[in-house]
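Accompanying notes for the structure given below.
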Amino acid sequence: MVNSMTGFAASEGTFADTRFSWDIRSVNAKGLDIRMRLPDWIAGLDQAVRAHLTKTLGRGNVTVNLRLNREAGASDLAVDEDALNGILSALRLVEERAIQNRVTLHAPSSADILSMRGVLGSAQPQDEDQAPLLAALMADFATLTDAFCEMRRTEGQNLLTILQKQLDQIETLTAAAKEAADARRPQVAQTLRDNLARVLDNAEGADADRVAQELALLAVKADVQEELDRLHAHVSAARELLTTKGPVGRKLDFLMQEFNRETNTLCSKSQSTDLTRIGLELKAVIDQMREQVQNVE
């Protein structure tokens, strides 16, 4: 089962006098990177959300947001003094720099400052039991995570279709490369014979056996059968990974490096216009496949 690292889900709910809304999204990453923006006054929420995601997901840059709105009057609103002090300090710095650069600024009103993020929020009674709210939030988050994972699975199935077609292309091109390599064999042999004759004609006293050994070594180095065999093996390994449960993105990414290495060697040994052309087509497909593999969990 192939899962994508790209996904999004959102939900809304209510508990007692509190309305809440979740959203979770992710993009590709080398590992599992979780970033959260949660109310800090709900004890245990951060740990519970992180533990649930760590158990559920394997890889991805995941961002989780939770917004709460308590249905209460203005008397239940409170100013976050730490946030207010931070904003006022920033405003003083801006004003000082503006004076230094002879820039005129309009002073913000109290309403402007109160509207800034984090300054004004709902007051939370210190003696309020948060456990029921935490349980309600986590129950909704579990359902949200299921929808999020389902989207990643759906995206993964689309990726799987693309990757399988690209593997088919690589297999077809590898077979074509073998035909081109077989077709060039007589030409390569004749080229080596001609080279041997030229060397012997222009190297009086040269050891003919030694020269023949060197040319035979060149012929072995020009052989591409080993690279073709490895490409076939890599195709089989990739197909097996695509049917493996759990995160396989890192293994696929490593395999793409091996695909690329064998193709580069194939091109360097080609000694044939047709084989070079096929090698370049292989490189193009492998590069496209590697881009898709970057999104596999």
Side-chain angles (χ1 to χ4, degrees), residues 4-29 32-57 59-95 105-155:
S4 171
M5 283 189 281
T6 302
F8 173 80
S11 68
E12 295 182 352
T14 59
F15 177 79
D17 62 349
T18 302
R19 296 183 61 84
F20 58 85
S21 62
W22 291 98
D23 68 71
I24 178 172
R25 65 192 71 218
S26 68
V27 294
N28 59 325
L32 181 59
D33 182 14
I34 301 173
R35 304 179 184 184
M36 300 182 291
R37 297 180 65 178
L38 310 175
D40 56 9
W41 54 267
I42 305 178
L45 179 61
D46 185 288
Q47 297 89 332
V49 170
R50 187 174 297 275
H52 184 75
L53 291 176
T54 301
K55 181 178 66 175
T56 307
L57 307 176
R59 293 176 68 200
N61 188 328
V62 184
T63 303
V64 180
N65 293 309
L66 171 63
R67 288 171 291 276
L68 295 178
N69 182 22
R70 305 193 71 185
E71 297 177 352
S75 60
D76 291 316
L77 296 177
V79 173
D80 186 325
E81 294 191 11
D82 291 337
L84 177 61
N85 291 335
I87 289 174
L88 291 177
S89 296
L91 288 174
R92 280 195 294 270
L93 177 60
V94 171
E95 186 176 4
L105 299 177
H106 294 289
S109 66
S110 300
D112 293 333
I113 295 175
L114 286 174
S115 66
M116 294 181 181
R117 186 181 184 88
V119 175
L120 189 63
S122 298
Q124 176 64 19
Q126 295 298 317
D127 58 349
E128 181 177 314
D129 183 9
Q130 299 170 2
L133 175 60
L134 175 60
L137 289 172
M138 288 308 301
D140 191 76
F141 185 70
T143 302
L144 174 70
T145 307
D146 289 342
F148 173 71
C149 289
E150 181 60 31
M151 180 177 181
R152 284 169 49 120
R153 281 191 290 268
T154 300
E155 290 293 321

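Side chains included, hydrogens not; waters and symmetry mates left out as well; all remaining heavy atoms used. If you read the sequence from its start, that first residue is 1, and numbering goes on from there.
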Please say whether more than 12 non-hydrogen atoms of neighbouring residues, nucleotides or ligands are located less than 6.0 Å from CZ in Arg19. no

State whether the number of non-hydrogen atoms from other residues, nucleotides or ligands found under 6.0 Å of Glu12 atom CD is greater than 12. no

Between Cys149 and Leu57, is any pair of side-chain heavy atoms under 4.5 Å apart? yes

Could you report the tightest heavy-atom contact between [X] and [Y], atom names first, then the distance?
{"X": "His52", "Y": "Phe141", "answer": "CD2-CE2, 3.8 Å"}
{"X": "Leu68", "Y": "Trp41", "answer": "CD1-CZ2, 3.6 Å"}
{"X": "Pro108", "Y": "Leu91", "answer": "CG-CD1, 4.0 Å"}
{"X": "Arg152", "Y": "Gly7", "answer": "CG-CA, 4.1 Å"}
{"X": "Gly60", "Y": "Ala29", "answer": "C-CB, 3.7 Å"}

Glu95: partners by salt bridge (charged side-chain N to carboxylate O under 4.0 Å, His left out), with sequence neighbours left out: none

Listed by chain and number, what are the salt bridge (charged side-chain N to carboxylate O under 4.0 Å, His left out) partners of Asp140, not counting sequence neighbours? none

Spatial distance of atom [atom1] ([X]) from atom [atom2] ([Y]) [nearest 0.5 Å]:
{"X": "Leu66", "Y": "Phe20", "atom1": "CG", "atom2": "CZ", "value": "8.0 Å"}
{"X": "Arg59", "Y": "Ser26", "atom1": "CZ", "atom2": "OG", "value": "11.5 Å"}
{"X": "Asn69", "Y": "Asp17", "atom1": "CG", "atom2": "CG", "value": "9.5 Å"}
{"X": "Leu133", "Y": "Ile42", "atom1": "CG", "atom2": "CD1", "value": "4.5 Å"}
{"X": "Gln47", "Y": "Thr54", "atom1": "CD", "atom2": "OG1", "value": "12.0 Å"}

Throw together a table of side-chain donor-acceptor distances under 3.5 angstrom for residues 32-39, partners on residues two or more places apart or in other chains.
unit_1: Asp33; atom_1: OD2; unit_2: Arg35; atom_2: NE; d: 3.3
unit_1: Asp33; atom_1: OD2; unit_2: Arg35; atom_2: NH2; d: 3.3

Determine the sole option in Asn65, Thr143, Val49 for which the side-chain contact (heavy atoms from CB on, under 4.5 Å) test with Trp22 is passed. Val49

Decide yes or no on side chain to side chain contact (heavy atoms under 4.5 Å, CB included) for Thr56 and Phe148, but give the supporting numbers first. CA-CA 11 Å; Thr56 307; Phe148 173 71; over 6 Å; no

